[in-house]
Amino acid sequence: MAAILEIKYFNSFILKNHEPAQVPAVRDGLKSAWNGSHGIPQQIGGFPLETNLNYDKSWYLEEARIRAGFNNTSTDYGVRAYLVEQEPNASIRFNSLIYSGIYNSRTGVNNTNVFSIADEITKSLDPANGSIQKLYAEDTNLIIFQQYKVNKALIDKDAIYSAEGGGLPVSSFKVVIGQTVPFPGNYGIGNNPESFAVYGYNKYFVDPNQNVVMRLGPQGLEEISRAGMNGFFRNQIVNINSSASGLGKLIGAWDIYNKEYVLSLQPSNSALELPEPTLSYDERAQGWISFYSYKPRQSFSIRNQHYTTNQGVLFLHNAQNDIYNTFYGVSTPSSIEFTFNPQVSNSKVFNTVNYEGSNGWQVDSFVSDETGPGNFSAIGGSSIDTTAKVLSYIQGAYDSSIPPLTGAAALTATATQPVFRSGFYRKENKYCANLINNSTVTENEIAFGNQISGIKGFFANVKISTDTVTDPNGFKELFAVSSNYTFSSGY
(Lines give C-alpha, C1' and ligand atoms only; values in the text may rest on other atoms or scores of the structure.)
Protein backbone atom coordinates (compact mmCIF):
# COMPACT_ATOMS: atom_id res chain seq x y z
CA MET A 1 0.00 0.00 0.00
CA ALA A 2 1.52 3.31 -1.06
CA ALA A 3 1.48 6.51 1.01
CA ILE A 4 2.30 10.12 0.17
CA LEU A 5 4.08 12.25 2.85
CA GLU A 6 4.27 16.05 2.61
CA ILE A 7 7.61 17.13 4.13
CA LYS A 8 8.83 20.69 4.64
CA TYR A 9 12.15 21.44 3.00
CA PHE A 10 14.09 22.37 6.16
CA ASN A 11 13.65 18.93 7.78
CA SER A 12 15.29 15.64 7.03
CA PHE A 13 13.84 12.28 7.95
CA ILE A 14 14.76 8.67 8.37
CA LEU A 15 11.99 6.25 7.51
CA LYS A 16 12.01 2.98 9.45
CA ASN A 17 9.84 -0.07 9.70
CA HIS A 18 8.98 -1.79 13.01
CA GLU A 19 10.62 -5.16 13.28
CA PRO A 20 7.76 -7.59 13.90
CA ALA A 21 8.00 -10.20 16.64
CA GLN A 22 8.22 -13.83 15.67
CA VAL A 23 5.04 -14.71 17.59
CA PRO A 24 2.00 -12.66 16.49
CA ALA A 25 0.43 -12.73 19.97
CA VAL A 26 3.57 -11.30 21.56
CA ARG A 27 3.99 -8.84 18.72
CA ASP A 28 0.45 -7.45 18.89
CA GLY A 29 0.43 -7.29 22.70
CA LEU A 30 3.78 -5.58 23.32
CA LYS A 31 4.65 -3.44 20.31
CA SER A 32 3.54 0.16 20.02
CA ALA A 33 4.48 3.22 17.93
CA TRP A 34 4.30 7.00 18.03
CA ASN A 35 2.31 8.56 15.21
CA GLY A 36 4.40 11.56 14.29
CA SER A 37 7.22 12.91 16.48
CA HIS A 38 8.68 9.67 17.79
CA GLY A 39 9.21 9.57 21.56
CA ILE A 40 7.50 12.85 22.62
CA PRO A 41 4.62 12.13 25.04
CA GLN A 42 1.18 13.51 24.26
CA GLN A 43 1.09 15.47 27.55
CA ILE A 44 3.85 17.83 26.39
CA GLY A 45 2.73 18.33 22.82
CA GLY A 46 3.57 15.06 21.15
CA PHE A 47 1.25 12.94 19.08
CA PRO A 48 -0.86 10.21 20.72
CA LEU A 49 0.48 6.69 21.18
CA GLU A 50 -0.78 4.19 18.67
CA THR A 51 -1.41 0.57 19.64
CA ASN A 52 -2.87 -2.52 18.00
CA LEU A 53 -1.08 -1.75 14.75
CA ASN A 54 -0.69 -3.89 11.72
CA TYR A 55 3.06 -4.31 11.96
CA ASP A 56 3.44 -5.64 8.49
CA LYS A 57 2.49 -2.14 7.24
CA SER A 58 3.66 -0.01 10.18
CA TRP A 59 6.39 2.61 9.70
CA TYR A 60 7.72 5.54 11.68
CA LEU A 61 9.86 8.60 10.94
CA GLU A 62 12.85 10.02 12.77
CA GLU A 63 13.11 13.79 12.38
CA ALA A 64 16.48 15.49 12.22
CA ARG A 65 15.34 18.60 14.17
CA ILE A 66 13.89 18.51 17.65
CA ARG A 67 10.08 18.94 17.61
CA ALA A 68 10.36 19.41 13.81
CA GLY A 69 10.72 23.16 14.29
CA PHE A 70 12.41 25.55 11.91
CA ASN A 71 16.04 26.18 12.95
CA ASN A 72 15.60 23.96 16.01
CA THR A 73 18.55 21.94 17.21
CA SER A 74 19.58 19.39 14.66
CA THR A 75 20.49 15.89 15.73
CA ASP A 76 22.75 13.40 14.05
CA TYR A 77 24.77 10.32 14.83
CA GLY A 78 27.82 12.32 15.94
CA VAL A 79 31.44 11.55 15.26
CA ARG A 80 32.22 7.92 14.62
CA ALA A 81 35.74 6.61 14.91
CA TYR A 82 36.81 3.86 12.56
CA LEU A 83 40.09 2.03 12.88
CA VAL A 84 41.10 -0.88 10.72
CA GLU A 85 43.68 -3.11 12.37
CA GLN A 86 45.52 -5.87 10.62
CA GLU A 87 45.19 -8.08 13.73
CA PRO A 88 41.95 -7.05 15.45
CA ASN A 89 42.09 -9.86 18.03
CA ALA A 90 41.54 -8.70 21.61
CA SER A 91 44.48 -8.83 24.01
CA ILE A 92 44.14 -8.67 27.80
CA ARG A 93 47.25 -7.07 29.31
CA PHE A 94 46.62 -7.72 32.98
CA ASN A 95 49.95 -6.20 34.04
CA SER A 96 49.75 -2.95 32.03
CA LEU A 97 48.34 0.55 32.42
CA ILE A 98 46.97 2.64 29.56
CA TYR A 99 46.00 6.30 29.71
CA SER A 100 44.07 8.59 27.40
CA GLY A 101 44.35 12.25 26.48
CA ILE A 102 43.87 15.04 29.00
CA TYR A 103 40.66 16.49 30.40
CA ASN A 104 40.50 20.17 31.38
CA SER A 105 37.18 21.45 32.66
CA ARG A 106 38.30 25.09 32.53
CA THR A 107 39.24 25.10 28.86
CA GLY A 108 36.70 22.52 27.72
CA VAL A 109 39.34 20.10 26.48
CA ASN A 110 38.08 16.54 26.76
CA ASN A 111 40.34 13.94 25.22
CA THR A 112 39.41 11.07 27.52
CA ASN A 113 38.32 9.05 24.51
CA VAL A 114 41.58 9.67 22.63
CA PHE A 115 44.17 6.88 22.77
CA SER A 116 46.89 7.88 20.38
CA ILE A 117 48.99 4.93 19.28
CA ALA A 118 51.67 7.38 18.17
CA ASP A 119 52.48 8.16 21.83
CA GLU A 120 53.75 5.92 24.58
CA ILE A 121 50.48 5.54 26.46
CA THR A 122 51.11 2.22 28.17
CA LYS A 123 53.19 1.20 31.18
CA SER A 124 53.81 -2.46 31.86
CA LEU A 125 54.91 -4.16 35.06
CA ASP A 126 56.47 -7.55 35.66
CA PRO A 127 53.83 -10.14 34.68
CA ALA A 128 55.36 -12.60 37.17
CA ASN A 129 53.86 -10.47 39.97
CA GLY A 130 50.32 -11.05 38.72
CA SER A 131 47.59 -8.72 37.54
CA ILE A 132 47.06 -5.12 38.65
CA GLN A 133 44.29 -5.08 41.27
CA LYS A 134 44.37 -1.60 42.83
CA LEU A 135 45.64 1.91 42.04
CA TYR A 136 46.07 4.69 44.59
CA ALA A 137 47.36 8.17 43.79
CA GLU A 138 49.35 9.79 46.59
CA ASP A 139 50.71 13.29 46.01
CA THR A 140 52.82 12.94 42.84
CA ASN A 141 53.19 9.17 43.00
CA LEU A 142 50.97 6.30 41.91
CA ILE A 143 50.91 3.19 44.11
CA ILE A 144 50.18 0.06 42.09
CA PHE A 145 49.00 -3.09 43.87
CA GLN A 146 49.56 -6.33 42.02
CA GLN A 147 48.64 -9.79 43.22
CA TYR A 148 52.14 -10.52 44.51
CA LYS A 149 53.85 -7.12 44.60
CA VAL A 150 53.38 -3.45 45.48
CA ASN A 151 55.02 -0.81 43.27
CA LYS A 152 55.36 2.96 43.25
CA ALA A 153 55.31 4.87 39.95
CA LEU A 154 56.28 8.49 39.42
CA ILE A 155 53.55 10.75 37.96
CA ASP A 156 54.49 13.48 35.44
CA LYS A 157 58.16 12.95 36.18
CA ASP A 158 60.92 10.44 35.62
CA ALA A 159 64.13 9.51 37.41
CA ILE A 160 67.63 10.28 36.18
CA TYR A 161 70.31 8.03 37.63
CA SER A 162 73.85 9.18 38.28
CA ALA A 163 76.99 7.14 37.80
CA GLU A 164 76.91 6.26 41.49
CA GLY A 165 73.44 4.72 41.06
CA GLY A 166 71.43 7.42 42.82
CA GLY A 167 68.11 8.48 41.32
CA LEU A 168 66.78 12.04 41.10
CA PRO A 169 63.16 12.73 40.11
CA VAL A 170 62.98 15.19 37.23
CA SER A 171 59.74 16.73 35.94
CA SER A 172 58.84 15.90 32.37
CA PHE A 173 56.02 17.19 30.20
CA LYS A 174 56.03 14.08 28.02
CA VAL A 175 55.97 11.41 30.71
CA VAL A 176 52.67 10.61 32.41
CA ILE A 177 53.74 7.48 34.30
CA GLY A 178 57.46 7.46 34.94
CA GLN A 179 59.81 4.99 36.57
CA THR A 180 58.20 2.19 38.62
CA VAL A 181 59.96 1.20 41.84
CA PRO A 182 58.85 -1.92 43.77
CA PHE A 183 58.58 -1.78 47.55
CA PRO A 184 60.91 -4.23 49.30
CA GLY A 185 59.18 -7.47 50.25
CA ASN A 186 57.17 -10.04 48.33
CA TYR A 187 53.76 -8.81 49.40
CA GLY A 188 50.72 -8.15 47.22
CA ILE A 189 46.98 -7.66 47.55
CA GLY A 190 45.99 -10.99 45.93
CA ASN A 191 42.50 -11.03 44.46
CA ASN A 192 40.99 -9.01 47.31
CA PRO A 193 41.48 -5.28 46.62
CA GLU A 194 38.43 -4.57 48.82
CA SER A 195 40.70 -4.97 51.86
CA PHE A 196 42.45 -1.67 51.02
CA ALA A 197 42.02 1.31 53.35
CA VAL A 198 44.00 4.49 53.84
CA TYR A 199 44.44 7.09 56.56
CA GLY A 200 47.14 9.72 56.38
CA TYR A 201 50.31 8.16 55.03
CA ASN A 202 49.36 4.64 56.13
CA LYS A 203 47.76 2.21 53.69
CA TYR A 204 46.30 -1.08 54.97
CA PHE A 205 45.54 -4.23 52.99
CA VAL A 206 45.53 -8.02 53.23
CA ASP A 207 47.86 -10.36 51.36
CA PRO A 208 45.82 -13.59 51.08
CA ASN A 209 48.77 -15.40 49.51
CA GLN A 210 50.94 -14.84 52.58
CA ASN A 211 47.98 -14.92 55.05
CA VAL A 212 49.05 -11.60 56.58
CA VAL A 213 47.63 -8.11 57.11
CA MET A 214 49.95 -5.36 55.87
CA ARG A 215 50.56 -1.67 56.49
CA LEU A 216 52.32 0.46 53.89
CA GLY A 217 53.70 3.58 55.54
CA PRO A 218 56.71 5.89 55.46
CA GLN A 219 58.82 2.99 56.77
CA GLY A 220 57.70 0.69 53.96
CA LEU A 221 55.75 -2.56 54.26
CA GLU A 222 55.07 -4.00 57.73
CA GLU A 223 53.07 -6.99 58.92
CA ILE A 224 50.59 -5.73 61.51
CA SER A 225 49.09 -9.22 61.82
CA ARG A 226 52.16 -10.08 63.92
CA ALA A 227 50.80 -7.98 66.78
CA GLY A 228 49.57 -10.96 68.81
CA MET A 229 47.37 -12.31 66.01
CA ASN A 230 49.80 -14.11 63.73
CA GLY A 231 48.30 -17.57 64.28
CA PHE A 232 44.73 -16.30 64.02
CA PHE A 233 45.20 -14.70 60.61
CA ARG A 234 47.27 -17.62 59.37
CA ASN A 235 44.37 -19.99 60.12
CA GLN A 236 41.53 -17.74 58.97
CA ILE A 237 42.70 -15.95 55.82
CA VAL A 238 43.58 -19.27 54.19
CA ASN A 239 39.83 -20.13 54.29
CA ILE A 240 38.64 -16.94 52.56
CA ASN A 241 39.09 -18.12 48.96
CA SER A 242 38.58 -21.67 47.77
CA SER A 243 38.53 -23.42 44.42
CA ALA A 244 35.15 -24.98 45.22
CA SER A 245 33.29 -21.90 46.51
CA GLY A 246 35.11 -19.10 44.68
CA LEU A 247 36.41 -15.82 46.07
CA GLY A 248 35.45 -14.64 49.52
CA LYS A 249 35.53 -11.09 50.86
CA LEU A 250 38.15 -9.26 52.91
CA ILE A 251 36.39 -5.94 53.46
CA GLY A 252 38.69 -3.30 54.91
CA ALA A 253 37.96 0.29 55.90
CA TRP A 254 39.29 3.05 58.11
CA ASP A 255 36.94 3.93 60.97
CA ILE A 256 37.51 7.67 61.18
CA TYR A 257 35.40 7.95 64.35
CA ASN A 258 37.45 5.49 66.43
CA LYS A 259 40.69 5.89 64.42
CA GLU A 260 40.92 2.16 63.69
CA TYR A 261 41.48 -0.10 60.68
CA VAL A 262 38.43 -2.38 60.48
CA LEU A 263 38.68 -5.71 58.64
CA SER A 264 35.82 -8.16 58.02
CA LEU A 265 36.70 -11.77 57.16
CA GLN A 266 33.98 -13.31 54.98
CA PRO A 267 34.94 -16.70 53.51
CA SER A 268 33.23 -17.94 50.37
CA ASN A 269 32.21 -21.10 52.27
CA SER A 270 29.60 -19.91 54.80
CA ALA A 271 30.27 -22.96 56.98
CA LEU A 272 33.67 -21.46 57.85
CA GLU A 273 32.33 -18.06 58.98
CA LEU A 274 33.33 -16.78 62.40
CA PRO A 275 30.68 -15.73 64.95
CA GLU A 276 32.51 -12.39 65.20
CA PRO A 277 33.85 -11.93 61.66
CA THR A 278 35.00 -8.31 62.00
CA LEU A 279 37.96 -7.00 64.00
CA SER A 280 39.86 -3.73 64.38
CA TYR A 281 43.46 -2.58 64.63
CA ASP A 282 44.39 0.49 66.69
CA GLU A 283 47.60 2.38 65.91
CA ARG A 284 47.68 3.84 69.43
CA ALA A 285 47.66 0.39 71.02
CA GLN A 286 49.77 -1.10 68.22
CA GLY A 287 47.52 -4.15 68.21
CA TRP A 288 44.15 -5.74 67.43
CA ILE A 289 41.78 -4.57 70.14
CA SER A 290 38.30 -5.93 69.45
CA PHE A 291 36.06 -8.36 67.57
CA TYR A 292 32.61 -7.33 66.26
CA SER A 293 29.57 -9.42 65.40
CA TYR A 294 28.44 -7.44 62.33
CA LYS A 295 29.14 -8.51 58.76
CA PRO A 296 29.13 -5.54 56.34
CA ARG A 297 28.75 -5.57 52.58
CA GLN A 298 30.55 -2.21 52.34
CA SER A 299 32.42 -0.11 54.89
CA PHE A 300 33.61 3.50 54.64
CA SER A 301 33.97 6.78 56.55
CA ILE A 302 32.64 10.24 55.65
CA ARG A 303 32.83 13.46 57.68
CA ASN A 304 34.10 11.92 60.90
CA GLN A 305 31.46 9.17 60.83
CA HIS A 306 31.79 5.46 60.04
CA TYR A 307 29.13 3.80 57.86
CA THR A 308 28.47 0.26 56.66
CA THR A 309 25.84 -1.29 54.41
CA ASN A 310 23.96 -4.55 54.89
CA GLN A 311 21.19 -5.96 52.70
CA GLY A 312 20.86 -2.67 50.85
CA VAL A 313 20.51 -0.54 54.00
CA LEU A 314 22.96 2.15 55.16
CA PHE A 315 23.94 2.06 58.86
CA LEU A 316 25.68 4.72 60.95
CA HIS A 317 28.00 3.34 63.62
CA ASN A 318 28.56 4.94 67.03
CA ALA A 319 25.20 6.71 66.76
CA GLN A 320 24.24 8.81 69.79
CA ASN A 321 21.13 6.79 70.67
CA ASP A 322 22.34 5.04 73.88
CA ILE A 323 21.87 1.60 72.29
CA TYR A 324 25.01 -0.47 72.71
CA ASN A 325 26.00 -3.97 71.55
CA THR A 326 23.53 -3.75 68.65
CA PHE A 327 24.43 -4.07 64.97
CA TYR A 328 21.86 -4.20 62.16
CA GLY A 329 19.08 -4.60 64.75
CA VAL A 330 20.65 -7.66 66.43
CA SER A 331 21.96 -7.40 70.01
CA THR A 332 25.01 -9.40 71.09
CA PRO A 333 26.54 -9.25 74.59
CA SER A 334 30.02 -7.80 74.86
CA SER A 335 32.65 -10.16 76.21
CA ILE A 336 36.33 -10.13 77.12
CA GLU A 337 38.65 -13.15 77.30
CA PHE A 338 41.96 -13.02 79.13
CA THR A 339 44.41 -15.15 81.15
CA PHE A 340 45.41 -15.01 84.81
CA ASN A 341 49.05 -16.12 85.00
CA PRO A 342 50.90 -14.69 88.03
CA GLN A 343 53.99 -16.45 89.32
CA VAL A 344 54.18 -18.51 86.16
CA SER A 345 56.35 -21.32 87.63
CA ASN A 346 54.10 -22.02 90.64
CA SER A 347 50.89 -24.03 90.80
CA LYS A 348 48.13 -21.93 92.34
CA VAL A 349 44.58 -22.15 93.67
CA PHE A 350 42.36 -19.33 92.37
CA ASN A 351 39.76 -18.63 95.07
CA THR A 352 37.89 -15.47 94.04
CA VAL A 353 37.21 -13.21 91.08
CA ASN A 354 36.80 -9.44 91.40
CA TYR A 355 36.28 -6.58 89.00
CA GLU A 356 36.10 -2.80 88.96
CA GLY A 357 33.55 -1.25 86.65
CA SER A 358 29.83 -0.98 85.98
CA ASN A 359 27.12 -3.26 87.32
CA GLY A 360 26.01 -5.95 84.89
CA TRP A 361 29.09 -8.15 84.24
CA GLN A 362 29.09 -11.93 84.68
CA VAL A 363 31.78 -14.62 84.46
CA ASP A 364 30.88 -17.18 81.79
CA SER A 365 33.89 -19.44 82.29
CA PHE A 366 36.93 -19.76 84.55
CA VAL A 367 39.08 -22.67 83.32
CA SER A 368 42.48 -23.90 84.47
CA ASP A 369 45.31 -25.21 82.33
CA GLU A 370 45.15 -28.77 81.05
CA THR A 371 46.42 -31.80 82.98
CA GLY A 372 47.66 -34.77 80.97
CA PRO A 373 46.20 -38.31 80.97
CA GLY A 374 46.31 -40.41 84.15
CA ASN A 375 48.11 -43.65 84.89
CA PHE A 376 45.04 -45.91 84.73
CA SER A 377 43.15 -46.90 81.63
CA ALA A 378 39.85 -46.13 83.36
CA ILE A 379 40.93 -42.51 83.70
CA GLY A 380 41.87 -41.49 80.16
CA GLY A 381 42.34 -38.20 78.39
CA SER A 382 43.29 -34.80 79.69
CA SER A 383 41.41 -32.94 82.42
CA ILE A 384 40.81 -29.33 83.42
CA ASP A 385 39.35 -27.58 86.45
CA THR A 386 36.31 -25.39 85.84
CA THR A 387 34.04 -23.20 87.95
CA ALA A 388 30.32 -22.59 87.95
CA LYS A 389 29.04 -19.50 86.16
CA VAL A 390 29.30 -16.35 88.28
CA LEU A 391 26.09 -14.33 87.95
CA SER A 392 26.03 -10.55 87.88
CA TYR A 393 25.05 -8.42 90.88
CA ILE A 394 21.37 -8.18 89.91
CA GLN A 395 21.07 -11.51 88.10
CA GLY A 396 22.33 -13.42 91.16
CA ALA A 397 20.02 -11.74 93.68
CA TYR A 398 17.38 -13.83 95.58
CA ASP A 399 15.18 -13.01 98.57
CA SER A 400 14.23 -14.98 101.69
CA SER A 401 10.83 -16.23 100.52
CA ILE A 402 10.10 -19.87 99.60
CA PRO A 403 10.37 -20.29 96.69
CA PRO A 404 12.61 -17.23 96.44
CA LEU A 405 12.25 -14.36 94.02
CA THR A 406 15.33 -14.11 91.83
CA GLY A 407 17.04 -11.52 89.68
CA ALA A 408 15.41 -8.12 89.32
CA ALA A 409 12.24 -9.39 91.04
CA ALA A 410 14.22 -9.86 94.27
CA LEU A 411 14.97 -6.15 94.34
CA THR A 412 11.35 -4.96 94.24
CA ALA A 413 9.22 -3.81 97.19
CA THR A 414 7.39 -7.17 97.31
CA ALA A 415 10.60 -9.12 97.98
CA THR A 416 11.15 -10.66 101.40
CA GLN A 417 14.17 -9.28 103.20
CA PRO A 418 17.04 -9.94 103.53
CA VAL A 419 18.23 -10.27 99.93
CA PHE A 420 21.22 -12.52 99.23
CA ARG A 421 23.60 -12.85 96.30
CA SER A 422 24.66 -16.07 94.57
CA GLY A 423 27.05 -14.26 92.23
CA PHE A 424 28.89 -10.99 92.49
CA TYR A 425 28.52 -9.00 95.71
CA ARG A 426 29.26 -5.28 95.78
CA LYS A 427 31.63 -3.94 98.42
CA GLU A 428 33.13 -0.46 98.35
CA ASN A 429 32.05 -0.15 94.71
CA LYS A 430 34.01 -3.28 93.81
CA TYR A 431 32.30 -6.50 92.73
CA CYS A 432 33.59 -9.72 94.32
CA ALA A 433 32.57 -13.39 94.15
CA ASN A 434 33.82 -16.76 95.36
CA LEU A 435 34.71 -19.35 92.75
CA ILE A 436 32.66 -22.56 93.10
CA ASN A 437 34.35 -25.60 91.56
CA ASN A 438 32.21 -27.76 89.26
CA SER A 439 34.93 -30.03 87.82
CA THR A 440 34.39 -33.73 87.24
CA VAL A 441 36.33 -36.28 89.27
CA THR A 442 39.87 -37.07 88.17
CA GLU A 443 42.54 -39.51 89.29
CA ASN A 444 43.39 -39.58 93.07
CA GLU A 445 40.72 -37.00 93.94
CA ILE A 446 38.55 -37.50 97.04
CA ALA A 447 36.79 -34.13 97.20
CA PHE A 448 35.84 -32.54 93.91
CA GLY A 449 33.20 -30.40 92.20
CA ASN A 450 31.08 -28.13 94.39
CA GLN A 451 32.51 -29.81 97.49
CA ILE A 452 35.46 -27.46 97.19
CA SER A 453 35.98 -23.81 96.26
CA GLY A 454 38.42 -22.41 93.77
CA ILE A 455 40.32 -24.18 91.02
CA LYS A 456 43.94 -25.30 90.85
CA GLY A 457 46.34 -24.66 88.00
CA PHE A 458 49.35 -22.77 86.79
CA PHE A 459 47.11 -20.32 84.93
CA ALA A 460 43.40 -19.77 84.23
CA ASN A 461 41.51 -18.62 81.12
CA VAL A 462 38.59 -16.35 81.94
CA LYS A 463 35.64 -15.07 79.90
CA ILE A 464 33.54 -12.22 81.32
CA SER A 465 30.54 -10.72 79.52
CA THR A 466 27.56 -8.39 79.95
CA ASP A 467 24.33 -9.94 81.19
CA THR A 468 20.83 -9.59 79.70
CA VAL A 469 19.14 -8.31 82.88
CA THR A 470 21.04 -5.21 83.99
CA ASP A 471 20.11 -2.29 81.71
CA PRO A 472 20.08 -4.31 78.44
CA ASN A 473 21.95 -2.56 75.61
CA GLY A 474 23.03 0.11 78.09
CA PHE A 475 26.45 1.61 78.67
CA LYS A 476 28.82 -0.58 80.73
CA GLU A 477 32.48 -0.16 81.65
CA LEU A 478 35.13 -2.59 82.84
CA PHE A 479 38.39 -1.22 84.23
CA ALA A 480 40.17 -4.15 85.89
CA VAL A 481 39.67 -7.83 86.81
CA SER A 482 41.63 -9.62 89.54
CA SER A 483 41.68 -12.86 91.50
CA ASN A 484 42.87 -13.83 95.00
CA TYR A 485 45.01 -16.95 94.91
CA THR A 486 47.20 -19.09 97.13
CA PHE A 487 50.09 -21.32 96.24
CA SER A 488 49.13 -24.97 95.88
CA SER A 489 50.71 -27.50 98.24
CA GLY A 490 50.81 -30.02 95.41
CA TYR A 491 47.96 -32.18 96.70
Under a plain distance cut-off of 3.5 Å, with no hydrogens placed, do [Y] and [X] share a side-chain donor-acceptor pair?
| X | Y | value |
| --- | --- | --- |
| Asp467 | Thr470 | yes |
| Asn325 | Ser334 | yes |
| Asn434 | Thr352 | no |
| Gln147 | Asn129 | no |
| Asp364 | Ser465 | yes |
| Ser124 | Asn95 | no |
| Glu120 | Thr122 | no |
| Asn151 | Gln146 | yes |
| Asn192 | Asn241 | yes |
| Tyr294 | Ser264 | no |

Check this for me: [X], atom [atom1], are more than 12 non-hydrogen atoms of other residues, nucleotides or ligands nearer than 6.0 Å?
| X | atom1 | result |
| --- | --- | --- |
| Lys463 | NZ | no |
| Lys249 | NZ | no |
| Arg93 | CZ | no |
| Phe291 | CZ | yes |
| Phe94 | CZ | yes |
| Leu314 | CG | yes |
| Lys152 | NZ | no |

Validation row: [X], [Y] side chains within 4.5 angstrom (heavy atoms):
| X | Y | answer |
| --- | --- | --- |
| Ile394 | Leu411 | yes |
| Tyr187 | Gln210 | yes |
| Phe350 | Leu435 | yes |
| Asn141 | Tyr136 | no |
| Leu279 | Leu265 | yes |

[atom1] of [X] to [atom2] of [Y]: how many Å apart, nearest 0.5 Å?
| X | Y | atom1 | atom2 | result |
| --- | --- | --- | --- | --- |
| Ser225 | Asn230 | OG | CG | 5.5 Å |
| Ile177 | Ile155 | CD1 | CD1 | 7.5 Å |
| Lys456 | Asn351 | NZ | CG | 12.5 Å |
| Tyr355 | Glu477 | OH | CD | 11.5 Å |
| Asn318 | Asn258 | CG | CG | 4.5 Å |
| Tyr393 | Phe424 | OH | CZ | 13.0 Å |

Practice problem: Look at Arg215 together with Glu223 and state whether they make a salt bridge at an N to O cut-off of under 4.0 Å. | Solution: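 Between Glu223 and Arg215 there is no salt bridge, as every charged N stays at least 4.0 Å from the carboxylate O atoms.
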Practice item. Apply the test side chain to side chain contact (heavy atoms under 4.5 Å, CB included) to residues Leu97 and Tyr99: give CA-CA distance (whole Å), side-chain angles for both, the deciding distance (0.1 Å), then the verdict. Key: CA-CA 7 Å; Leu97 300 173; Tyr99 47 88; 5.7 Å; no
Next item on the list: Given side chain to side chain contact (heavy atoms under 4.5 Å, CB included), test Thr332 with Phe327 step by step and report yes or no.
Entry: CA-CA 8 Å; Thr332 304; Phe327 297 102; over 6 Å; no
What class does the angle between the rings of [X] and [Y] fall in, given that below 30° is parallel, 30 to 60° is tilted and above 60° is perpendicular?
| X | Y | answer |
| --- | --- | --- |
| His317 | Tyr328 | perpendicular |
| Phe233 | Trp288 | tilted |
| Tyr307 | Phe300 | parallel |

Mind checking what makes ring-ring contact (aromatic ring centres under 6.0 Å, His included) contact with Phe420, not counting sequence neighbours?
->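 Partners of Phe420 by the ring-ring contact (aromatic ring centres under 6.0 Å, His included) criterion, ordered by chain and then number, come out as Tyr398.
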Next on the checklist: Please enumerate all residues that pass ring-ring contact (aromatic ring centres under 6.0 Å, His included) together with Phe183, with sequence neighbours excluded.
Outcome noted: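 Partners of Phe183 under the ring-ring contact (aromatic ring centres under 6.0 Å, His included) test: none.
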- Under the side chain to side chain contact (heavy atoms under 4.5 Å, CB included) criterion, do Trp361 and Leu478 qualify, and how do the steps go? CA-CA 8 Å; Trp361 292 91; Leu478 184 65; 3.8 Å; yes
| Chi angles and distances behind the side-chain hydrogen bond (donor to acceptor under 3.5 Å, both in side chains) call for Ser290, Ser280 | CA-CA 6 Å; Ser290 184; Ser280 59; 5.0 Å; no
Before we go on, tell me: are the rings of [X] and [Y] under 6.0 Å apart, centre to centre?
| X | Y | result |
| --- | --- | --- |
| Phe145 | Phe205 | yes |
| Phe459 | Phe340 | no |
| Tyr204 | Tyr261 | yes |

Output yes when a side-chain donor or acceptor of Thr308 lies under 3.5 Å from a complementary backbone atom of Ser299, and no otherwise.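 No.
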| message | I'd like to know if the side chain of Thr309 reaches the main chain of Gln298, judged simply by a donor and an acceptor atom lying under 3.5 Å from each other, with no hydrogens or angles considered. | response |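 A pair under 3.5 Å: yes.
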inquiry  = Under the criterion ring-ring contact (aromatic ring centres under 6.0 Å, His included), I'd like the reasoning laid out for Tyr425 against Tyr431: C-alpha separation, chi angles, the key distance, then a yes or no.
reply    = CA-CA 5 Å; Tyr425 190 85; Tyr431 297 85; 9.5 Å; no
* Decide side-chain hydrogen bond (donor to acceptor under 3.5 Å, both in side chains) for Asn110 and Thr112; before the verdict, give the C-alpha distance in whole Å, the side-chain angles of both, and the deciding distance to 0.1 Å. => CA-CA 6 Å; Asn110 184 3; Thr112 55; 2.8 Å; yes
side-chain hydrogen bond (donor to acceptor under 3.5 Å, both in side chains), that's the test. Do Ser392 and Gln362 meet it? Break it down for me. CA-CA 5 Å; Ser392 66; Gln362 64 185 19; 5.2 Å; no
Matching residue for Ser439 among Thr387, Asp385, Ile384 - test: side chain to side chain contact (heavy atoms under 4.5 Å, CB included):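 So, applying the side chain to side chain contact (heavy atoms under 4.5 Å, CB included) to Ser439 and each of Thr387, Asp385, Ile384, only Asp385 qualifies.
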* Asked: Ile189 and side chain to side chain contact (heavy atoms under 4.5 Å, CB included): which partner among Glu194, Gln133, Met214?
  ->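 The residue from Glu194, Gln133, Met214 that satisfies side chain to side chain contact (heavy atoms under 4.5 Å, CB included) with Ile189 turns out to be Gln133.
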